[in-house]
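Side chains included, hydrogens not; waters and symmetry mates left out as well; all remaining heavy atoms used. Here the structure is a predicted model, which is why all the values come from computation and not from measurement.
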Amino acid sequence: IRKKGFWARLKGKPTLSVAVFSVIALGCLFSNLIINHDPAELFLMNVNEAPNAEFWFGTDSLGRDIYSIIWYGGRASIFIGLMSAAVITLIGVSYGCLSGVASGVVDSAMMRAVELLQSVPVLLSLLLILSLMGKPNELTIALVIGVTGWHVRSEVRQIRNSEYILASRCMGARFPFIMRKHLIPNFVSAIMFVVISSISTSMAMEATLSFLGLGLPVDVLSWGSMLALADRALLLNSWWVILIPGVFLVVTLLSITSIGHYFRKRSNQGPSNL
């Protein structure tokens, strides 16, 4: 049998998206090596300067170097995305597994509870919880977004009625065994889709909250807090203050979404019988 070549194996995989996201993530992680100004320093003599030789991406209304903030502030945005995804995965997988193997009455009650929570707009829930937690920071926003955004029940339910699950239950297998040996291995692709798409959704939500003035304070450097200055930038016609952070955010979200759709395609191929 002739083996596939390197490029043939990459066909259909989100190679470009992985490469783009890796470059952005590594740039943020090692931002100290590539920034050319202190991201927190206020250059009061260079407020709202367009991109030039000294400030490659220009400066904002506070006189901060946008190029340096992009890379340094990306740490906070990516951290929020990763932490929120971890919370979403932990709660969603646990709840979904319990629902997936529970009896019909218990499953119905658990799903009614989820539907009740989902009937409340996510943004309203976020505002309510954040108002009770005081001044927000990266960790609190990540936890709040994670707590209000979990859902993987449909993937578990799809596998629930598989023959090998029914056979295992008839043989007296307990829930921990079924979850470890059957449920988790068979919807790992679906879980990966939830994890990756949750990173994208959480980063977008953080940017939305900051844009509305309800997320991270302006002095906390992140892509969302940069967009919080958008109203000022519109009044002053400082297009670079909105466009450049927005492009970085959109490109990152599109890359993550593309990776997530790849795992969604894999999960739609159906569970593998172990």
Can Phe21 be reached from Val251 by stepping across I, L, V, M, F, W or Y side chains whose heavy atoms are under 4.5 Å apart?
yes
Do the side chain of Ser258 and the main chain of Pro14 share a donor and acceptor less than 3.5 angstrom apart?
no
Considering only Ile, Leu, Val, Met, Phe, Trp and Tyr, and joining two whenever side-chain heavy atoms are under 4.5 Å apart, list the other residues clustered with Phe55.
Phe43
Any idea which heavy atoms bring Ile199 and Ile256 closest together, and the distance?
CG2-CD1, 3.7 Å
Side-chain heavy atoms under 4.5 Å apart, restricted to Ile/Leu/Val/Met/Phe/Trp/Tyr: what other residues fall into the cluster of Val23, or is it alone?
none
Value for OG (Ser68) from CG (Asp38), rounded to nearest 0.5 Å, stands at 8.0 Å
Okay, side chain of Thr59, backbone of Arg64: is any donor-acceptor separation there less than 3.5 Å?
no
To the nearest 0.5 Å, atom CD1 of Ile141 lies from atom OG of Ser77 at 10.0 Å
Taking all non-hydrogen atoms of both residues, which atom of Glu206 and which atom of Ser222 are closest, and how far apart?
OE2-OG, 3.0 Å
Which heavy atom of Leu221 sits nearest a heavy atom of Ala40, and at what distance?
CD1-N, 4.3 Å
Could you give the distance from CD (Glu54) to CG (Asp65), rounded to the nearest 0.5 Å?
8.5 Å
Of the options Trp240, Tyr67, Trp239, which is the one that meets Phe57 in a ring pair (Phe, Tyr, Trp, His ring centres under 6.0 Å)?
Tyr67
Keeping Asn48 on the side-chain end and Ser61 on the backbone end, is there a donor-acceptor pair under 3.5 Å?
yes
Does atom OH of Tyr72 have more than 12 heavy-atom neighbours, drawn from other residues, nucleotides or ligands, at distances under 6.0 Å?
no
Name the residue from Val250, Leu243, Leu249 that meets the side chain to side chain contact (heavy atoms under 4.5 Å, CB included) definition with Val247.
Leu243
Within the distance-only criterion (no hydrogens, no angle test), does the side chain of Trp223 pair as donor or acceptor with the backbone N or O of Gly73 below 3.5 angstrom?
no
Hey, any chance Trp71 and Leu253 share a hydrophobic cluster, counting ILVMFWY side chains that come within less than 4.5 Å of each other, even indirectly?
yes
Please step through side chain to side chain contact (heavy atoms under 4.5 Å, CB included) for the pair Val20 and Leu254, ending with a clear verdict.
CA-CA 10 Å; Val20 170; Leu254 288 176; over 6 Å; no
Looking only at non-hydrogen atoms, find the nearest pair between Val18 and Ile259 and report the distance.
CG2-CD1, 3.8 Å
Over all atoms of both residues, closest heavy-atom pair of Ala76 and Glu138
CB-CG, 3.9 Å
Donor-acceptor check, side chain of Asn46 to backbone of Glu49, threshold 3.5 angstrom: yes or no?
no
Nearest heavy atoms of Gly146 and Ile88, plus distance in Å:
O-CG1, 3.4 Å
Would you say Ile80 ends up clustered with Leu90 if hydrophobic residues are merged whenever their side chains have heavy atoms under 4.5 Å apart, either directly or through other cluster members?
no
What I'd like to find out is whether the side chain of Met226 reaches to under 4.5 Å of the side chain of Ile70, using heavy atoms alone.
yes
Using a 3.5 Å cut-off and no angle test, enumerate the donor-acceptor pairs between side-chain atoms of residues 24-32 and protein atoms at least two apart in sequence or in another chain.
{"unit_1": "Ser31", "atom_1": "OG", "unit_2": "Cys28", "atom_2": "O", "d": "3.4"}
{"unit_1": "Ser31", "atom_1": "OG", "unit_2": "Arg75", "atom_2": "NE", "d": "3.3"}
{"unit_1": "Ser31", "atom_1": "OG", "unit_2": "Arg75", "atom_2": "NH2", "d": "3.2"}

